Structures are given as C-alpha cells and as structure tokens.
Amino acid sequence: GTLKFLEQGNNERLVEIIKDHTNSDVFKIEAIEDYPEDYKDCCKRAKAEKENNARPGLKQYLDPFNDYKVVYLVYPNWYGTIPMPVLEQLERIENWTGKIVMPFCTHEWSGAGDSELDIKRKCTGAQVCKALAIRGCFVNSAANDVCQWIDKQLSFFDEQQH
C-alpha cells in the first residue's frame with residue numbers, strides 16, 4: 001500500500017536467488033539512459049515507452065548467445081508486460097532454437113500480464129515456460145518456491161529429452 005525505497009530491488013534479489021541456486025551467469029539489461037529513481041517519474045517514462053513501442057537503446061547487448069541453453073529471464077511487469085529494454089534485448093537475439101526460457105515476473109497486483117505471450121512472440125523456436133509471477137513484497141521470502149519451481153521445470157525438460 002505504500003512506496004518505499006529498497007537498497008536492493010526486487011528483481012536484483014530474485015536474480016541473486018536464481019544465481020545462487022543454479023550457478024548461472026548474470027547479464028543485466030540496462031537502458032542507455034537510466035530510469036528515474038522517483039517511482040512516478042519512472043512509471044511515466046515506462047508508460048510513454050510502451051505507448052510509443054520505443055526501443056530505448058541498451059548499454060550493452062548479450063552476445064554471443066550460443067553457449068546458453070537455459071535463460072532465466074527476470075523482469076518487472078511494466079504496464080502489463082515486459083519493459084521495453086527487455087523486449088529490445090530479446091529482439092536482438094537471432095536464434096532461439098533449442099533454448100529454454102524461464103520467465104520470472106515481479107509485480108505487486110498485476111501478475112505476469114501479457115509478458116509470457118510477448119516473450120513467446122520474440123523467442124521464436126524456444127520453449128518458453130509459464131511465467132512465475134512473484135509479488136515484489138514477497139520476493140525476500142520466495143527463495144524456496146523459486147528454487148522448487150526451477151527444479152521442476154528443469155526436470156520436465158530433462159524427461160522430455162529422454
């Protein structure tokens with residue numbers, strides 16, 4: 001019900017949980033121009049980017065991508081879907097064939113919105129799991145659920161290959 005400044009953001013904490021559990025590499029998707037720290041200003045910019053279907057440009061792009069089979073994609077729900085910088089990064093990857101994408105969406109009340117569908121549209125050829133939507137206020141207590149969900153997904157894909 002109230003806004004509060006977090007020393008470590010919900011998505012950063014979620015990435016830490018996933019990294020600790022999977023020993024994965026981490027790549028941070030960052031727009032060239034940082035988003036405002038003020039929540040309302042950040043929302044205003046995110047809304048304008050979505051309405052204009054903008055690609056804000058990234059500080060760096062993940063490339064090459066061939067060495068990765070599983071992609072743990074962590075993002076906030078901004079206006080019903082993935083933020084435009086995340087969309088931009090997904091679009092830059094030319095070949096998703098054979099990849100597994102596990103979406104993790106933080107939100108407060110809106111769930112994953114259309115993000116899962118939008119990810120599937122951009123990651124043609126990948127197997128995209130149903131998004132795990134976690135309320136931001138529960139991220140710090142979600143480690144067990146996140147790890148169990150990852151293990152269940154990986155087990156499912158292992159069974160499919162045998």
Side-chain angles (χ1 to χ4, degrees), residues 3 6 8-19 21-22 24-66 68-140 142 145-146 149-150 153-154 157:
L3 297 176
L6 303 173
Q8 182 184 41
N10 294 325
N11 289 293
E12 289 174 326
R13 175 64 186 124
L14 187 52
V15 166
E16 188 177 86
I17 291 167
I18 295 166
K19 182 181 185 283
H21 184 67
T22 63
S24 297
D25 293 337
V26 173
F27 177 81
K28 186 174 183 178
I29 300 170
E30 296 180 274
I32 291 171
E33 182 184 330
D34 291 338
Y35 285 85
E37 285 191 24
D38 179 79
Y39 179 75
K40 289 180 183 179
D41 290 341
C42 182
C43 289
K44 188 176 177 180
R45 176 173 161 192
K47 182 178 182 185
E49 286 178 351
K50 183 178 182 215
E51 287 173 348
N52 295 313
N53 200 26
R55 302 299 182 271
L58 303 182
K59 291 180 181 178
Q60 61 181 348
Y61 294 90
L62 180 60
D63 189 39
F65 189 67
N66 297 336
Y68 299 97
K69 175 151 176 72
V70 179
V71 176
Y72 304 97
L73 184 63
V74 178
Y75 57 91
N77 180 333
W78 281 3
Y79 291 93
T81 191
I82 54 179
M84 298 313 282
V86 175
L87 182 67
E88 182 173 349
Q89 174 60 67
L90 297 180
E91 290 173 342
R92 292 283 294 238
I93 297 168
E94 294 180 14
N95 186 6
W96 285 96
T97 303
K99 309 289 184 194
I100 297 168
V101 179
M102 292 189 196
F104 296 83
C105 177
T106 59
H107 67 95
E108 277 311 322
W109 293 105
S110 53
D114 292 330
S115 65
E116 187 181 320
L117 179 59
D118 291 337
I119 292 166
K120 285 180 181 178
R121 286 183 186 141
K122 296 300 174 187
C123 302
T124 304
Q127 294 180 326
V128 179
C129 300
K130 180 170 176 47
L132 181 60
I134 302 169
R135 282 193 57 200
C137 61
F138 296 133
V139 167
N140 284 324
D145 293 337
V146 168
W149 186 83
I150 290 170
Q153 301 308 310
L154 291 175
F157 288 111

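Everything numeric in this text was worked out from a predicted model, so none of it was measured.
For the atom pair CD1 of I119 and CG of L73, the computed distance is 5.0 Å after rounding to the nearest 0.5 Å. One finds the SG atom of C123 at 11.5 Å from the CG atom of N95 (value rounded to the nearest 0.5 Å).
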Q: Determine, stepwise, if the pair R13 / E16 fulfils salt bridge (charged side-chain N to carboxylate O under 4.0 Å, His left out).
A: CA-CA 5 Å; R13 175 64 186 124; E16 188 177 86; 2.6 Å; yes

**Q.** Pair E30-K59, salt bridge (charged side-chain N to carboxylate O under 4.0 Å, His left out): steps then yes or no
**A.** CA-CA 6 Å; E30 296 180 274; K59 291 180 181 178; 3.8 Å; yes

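Two residues are said to be in side-chain contact when any heavy atoms from C-beta on lie closer than 4.5 Å; T22 and V70 fail this criterion. For the pair M102 and L154, the minimum side-chain heavy-atom distance is below 4.5 Å. Proximity of D145 to F138: side-chain heavy atoms (C-beta onward) are nowhere separated by under 4.5 Å. At a threshold of 4.5 Å between non-hydrogen side-chain atoms, the residues F157 and K69 do not count as touching. Counting heavy atoms from C-beta outward, H21 and I150 have side chains that approach closer than 4.5 Å.
The two residues S115 and Y75 have their closest heavy-atom pair at OG-OH, 2.7 Å. R55 and E88 make their closest contact through C-OE1, 3.4 Å (heavy atoms, listed as atom of the first residue, atom of the second, distance).
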N/O donor to acceptor pairs below 3.5 angstrom from side-chain atoms of residues 78-86, sequence neighbours left out:
from	atom 1	to	atom 2	distance (Å)
Y79	OH	C43	O	3.3
T81	OG1	D118	OD2	2.4

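Within the structure, every pair that satisfies the salt bridge (charged side-chain N to carboxylate O under 4.0 Å, His left out) test and touches residues 92-108, not counting sequence neighbours, is listed here: E108-R135.
Counting only N and O atoms by type, the side chains of S110 and N77 include a donor and acceptor under 3.5 Å apart.
F104 and Y72 have tilted rings, their planes meeting at an angle from 30° to 60° on a 0 to 90° scale.
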